[in-house]
Protein chains: 2
Amino acid sequence: MPSDTRERLIDAGAELFWRQGYVATGVKQIVTTASAPFGSMYHFFPGGKEQLGAEAVRRSGAAYGELVPLFFDTAADVVSATLSLFGGAADTLRDTDWADACPIATVALEVSNTSEPLRQACADVFESWLELLGERFRAAGIAPDRAREVAIVLVALLEGAFVLARAMRTTEPVLAAGRAAVAEVERALSPDAG
Amino acid sequence: MPSDTRERLIDAGAELFWRQGYVATGVKQIVTTASAPFGSMYHFFPGGKEQLGAEAVRRSGAAYGELVPLFFDTAADVVSATLSLFGGAADTLRDTDWADACPIATVALEVSNTSEPLRQACADVFESWLELLGERFRAAGIAPDRAREVAIVLVALLEGAFVLARAMRTTEPVLAAGRAAVAEVERALSPDAG
DNA sequence: TGGCCTCTAGATTGATCGCTCTAGCGATAC
DNA sequence: GTATCGCTAGAGCGATCAATCTAGAGGCCA
């Protein structure tokens, strides 16, 4: 069985990196938050903060990816699923004081040119989301290449809207992005129009 | 006349925050890069790193905003301007080793919940971009409310595509976002179709 | 010349950074 | 019993953090 302390360290790291970013989060703070002994940190993660960071990113990514079935399995179709995905994101953002946005976007931008393992972890997470979403769009009858493109546009709209919304403290960008995402999905569903 | 040293400090800060983010950039590094005396830093910016950061963000934002007339004045219409804007962004990103993306996005995410002055500076910059773009879309005949929404969608697509592209090391998201941006602009130009 | 003010110059502060180190606890194996 | 191993525990390393401090250089005006 996996060590309990190790799990708690990853969870604490994921939470803190989400909220504060990678650079601003100290190892000591992670250890304290996890109620773990400091020595265990480097026992379980000989690669140090970077290794813990990579595992935390992957865990956050997997958790966030579970939102895809949550929204797309309950909705009537991919259009309404897309709409409620953005609507839910806007509500969550506002209700959490503009904190609960993408758990890895800040880290992704921070480390993109400074840590290859972390950059790779972020890339893998994004790719997994694209695959999860692409699958849904293919199931809705959209051709594979087009399905991937729609998935990319959807994720880009969400990530970009998060950046704007968190800075400007308004849900306006998320709602506008949601309408654009719906339009993109509809456009892919009926490629003849336009 | 404005002090030369002060100007150099802001420029150096803007450059470093762009490349490394706000948290990862040290005051000492800014001073060294600017070839400025350390004492001058706190003479010109009694508010410290935070004050310099806010001014650097506004300067970067203004410089980046100049891309709007650059692309929209030379293009035949707003659609081709949008297309070349994303195309240019993709080329630049690839040619600079995925470094030259949005100069303030990393900072915006980093400080959104930790520094109100910096958050405000980022919000002001985004708002200025939305105004610059909205103006162009209004001039193209799009109703004011709709023009703002198109501007938001365009910026969100670009910011989100940057996040994906920098992590995944491919221009694919920027190009896909560009096509979606073009579709959004076209949709706004002919609201009857669809 | 003397006084004032802006800016330069960098040593220094206390705190925190990521990380290494030794020491020892407790359970299992023989 | 005792040797081994996984894990706990935290003191302490050198480096770096943002920021403060004193000291003085140089221009401007009287």
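Every chain is numbered from 1 and lettered A, B, ... according to where its sequence line falls, protein lines coming before strand lines.
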Is Arg166(B) paired with Glu110(A) through a side-chain N to carboxylate O contact shorter than 4.0 Å?
no

side-chain contact (heavy atoms from CB on, under 4.5 Å) between Trp98(B) and Met168(B): does it pass, once the steps are laid out?
CA-CA 10 Å; Trp98(B) 319 100; Met168(B) 302 174 75; over 6 Å; no

Along nucleotides 6-19 of chain D, 5' to 3', which nucleotides get a B, which get an S, and which get a -, given that the test is a protein heavy-atom distance under 4.0 Å?
-BBBBB------SB

Apply side-chain contact (heavy atoms from CB on, under 4.5 Å) to Ile104(A) and Phe17(A), showing your working.
CA-CA 8 Å; Ile104(A) 71 160; Phe17(A) 294 145; over 6 Å; no

Can you see which heavy atom on Val31(B) is nearest to which on Pro37(B), and at what distance?
CG1-C, 4.0 Å

Should we say atom CG of Asp145(A) is surrounded by more than 12 heavy atoms from elsewhere, each under 6.0 Å from it?
no

Anything under 30° is parallel, anything over 60° is perpendicular, the rest tilted; go ahead and classify Tyr42(B) against Phe38(B).
tilted

Return the minimal non-hydrogen interatomic distance between Arg119(B) and Ala167(A), and the atom names on each side.
NE-O, 2.7 Å

Aromatic ring pairing Phe137(B)/Phe72(B), orientation class (parallel under 30°, perpendicular over 60°, tilted between)
perpendicular

Atom-pair distance (CG on Leu9(B); C1' on dT8(C)), nearest Å:
12 Å

To 10°, what angle do the rotation axes through the five end pairs on each side of the helix from dC4(C)-dG27(D) to dC30(C)-dG1(D) form?
10°

